Novice: 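Below you will find the structure I want to go over with you.
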Amino acid sequence: MFKKLFSKEKNHIEKGSSYGVLRGDYHGEIFVFFKQEDHTLFFVTLPKMELREVDIAKFEIGLKEKILDFINIIPQDVYKVVEAHGKNLIAAK
């Protein structure tokens, strides 16, 4: 399962990958991946357009425990908007 979600590089998720949150604090949100730094994955949530920082180990647990469910890779034009917004949110921190 994880081989399909991660590219050839270990722990590298394809930009624009979207995941539905099935339970927990962010239930009902969609996380769209746009950036990785060390062991942290950065997502913009839909529909709230908020920044979420997730440790890779916790992300993998979320997939394994079915808290997160892969949806698809979003279209490139939508990804550009998400990425720009995410970068602005990081800069504003």
Side-chain angles (χ1 to χ4, degrees):
M1 178 175 148
F2 293 120
K3 290 180 183 176
K4 292 180 183 177
L5 300 177
F6 292 94
S7 71
K8 293 178 185 175
E9 293 180 43
K10 185 175 177 164
N11 295 332
H12 181 78
I13 303 168
E14 189 172 340
K15 291 181 178 182
S17 297
S18 61
Y19 302 86
V21 182
L22 304 177
R23 61 181 193 267
D25 292 341
Y26 305 116
H27 179 257
E29 292 185 8
I30 296 173
F31 283 20
V32 179
F33 174 70
F34 75 96
K35 180 178 179 173
Q36 179 177 345
E37 284 183 5
D38 299 321
H39 300 286
T40 303
L41 304 173
F42 292 85
F43 299 86
V44 170
T45 66
L46 301 177
K48 295 181 180 181
M49 297 294 283
E50 295 177 340
L51 180 68
R52 301 281 186 240
E53 299 177 36
V54 180
D55 181 79
I56 289 174
K58 288 185 178 185
F59 177 78
E60 290 176 348
I61 290 169
L63 290 172
K64 184 178 177 184
E65 298 292 324
K66 306 256 188 251
I67 296 167
L68 296 170
D69 187 31
F70 176 76
I71 300 171
N72 63 13
I73 307 294
I74 63 174
Q76 187 64 26
D77 56 337
V78 177
Y79 173 74
K80 287 180 183 179
V81 172
V82 168
E83 180 184 40
H85 186 72
K87 287 179 178 180
N88 286 338
L89 291 171
I90 289 173
K93 285 181 18 172

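What you see is a predicted model; the values in this text were computed from it and never measured. What's counted below: heavy atoms across the whole structure, side chains too, no hydrogens, waters or symmetry copies.
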Novice: When you group the ILVMFWY residues by side-chain heavy-atom contacts below 4.5 Å and let the links chain together, are L51 and Y79 in the same group?
Specialist: yes
Novice: Are L22 and L68 joined in one hydrophobic group, where the rule is that I, L, V, M, F, W and Y side chains link up if heavy atoms are under 4.5 Å apart?
Specialist: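 No, because L22 and L68 fall into different hydrophobic clusters, even though each may have its own neighbours under 4.5 Å.
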Novice: To the nearest 0.5 Å, what is the distance between OH on Y19 and CG on D69?
Specialist: 10.0 Å
Novice: Just verifying a value: how many Å separate R52 CZ and E29 CD, rounded to the nearest 0.5 Å?
Specialist: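 Here the rounded value is 4.5 Å.
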Novice: Any non-hydrogen side-chain atom of I90 less than 4.5 Å from a side-chain atom of F42?
Specialist: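 SC-SC contact between I90 and F42 confirmed.
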Novice: If every non-hydrogen atom of V44 is compared with every non-hydrogen atom of G86, which pair is closest and at what distance?
Specialist: CG2-CA, 3.6 Å
Novice: Between F31 and F43, how do the two ring planes meet: parallel, tilted or perpendicular, split at 30° and 60°?
Specialist: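 F31 vs F43 ring planes: tilted.
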Novice: If you measure from CG on D55 to NE2 on H39, what distance do you get to the nearest 0.5 Å?
Specialist: 8.0 Å
Novice: Any idea which heavy atoms bring K66 and R23 closest together, and the distance?
Specialist: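 Where K66 meets R23 most closely, the heavy atoms are O-NH1, 3.4 Å.
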Novice: What distance do D25 atom CG and I67 atom CD1 have between them, rounded to the nearest 0.5 Å?
Specialist: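 These two atoms lie 10.5 Å from each other.
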Novice: Hey, which of D77, I71, N72 is the one that makes side-chain contact (heavy atoms from CB on, under 4.5 Å) with I74?
Specialist: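 By the side-chain contact (heavy atoms from CB on, under 4.5 Å) criterion, I74 pairs with just one of D77, I71, N72: N72.
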Novice: Do I13 and I73 share a hydrophobic cluster (ILVMFWY, side-chain heavy atoms under 4.5 Å, transitive)?
Specialist: yes
Novice: Can you name the closest pair of heavy atoms from S18 and I30 and give their distance?
Specialist: CB-CG2, 3.9 Å
Novice: Do T40 and V54 make a side-chain contact, defined as non-hydrogen atoms from C-beta onward lying under 4.5 Å apart?
Specialist: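 Result no, sub-4.5 Å side-chain heavy-atom pair not found.
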Novice: Could you see if F59 belongs to whatever hydrophobic cluster contains Y26? Use Ile, Leu, Val, Met, Phe, Trp, Tyr and a side-chain cutoff under 4.5 Å.
Specialist: yes
Novice: List in chain and number order the residues that pass side chain to side chain contact (heavy atoms under 4.5 Å, CB included) with K80, two or more places apart in sequence or in another chain; answer none if no residue qualifies.
Specialist: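 Side chain to side chain contact (heavy atoms under 4.5 Å, CB included) check on K80 returns Q76.
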Novice: Determine whether F34 and L41 fall in the same hydrophobic cluster, where Ile, Leu, Val, Met, Phe, Trp and Tyr are linked whenever their side-chain heavy atoms lie under 4.5 Å apart.
Specialist: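 No, no single cluster joins them.
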Novice: Of all the heavy-atom pairs spanning K15 and F33, show the shortest one and how long it is.
Specialist: CA-CD2, 3.7 Å
Novice: With E53, which residues qualify under salt bridge (charged side-chain N to carboxylate O under 4.0 Å, His left out), at least two apart?
Specialist: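 Once residues adjacent in sequence are excluded, the partners of E53 under the salt bridge (charged side-chain N to carboxylate O under 4.0 Å, His left out) criterion are K93.
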Novice: Which value, rounded to the nearest 0.5 Å, describes the distance between I56 atom CD1 and Q36 atom CD?
Specialist: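 Reported value, rounded in 0.5 Å steps: 4.0 Å.
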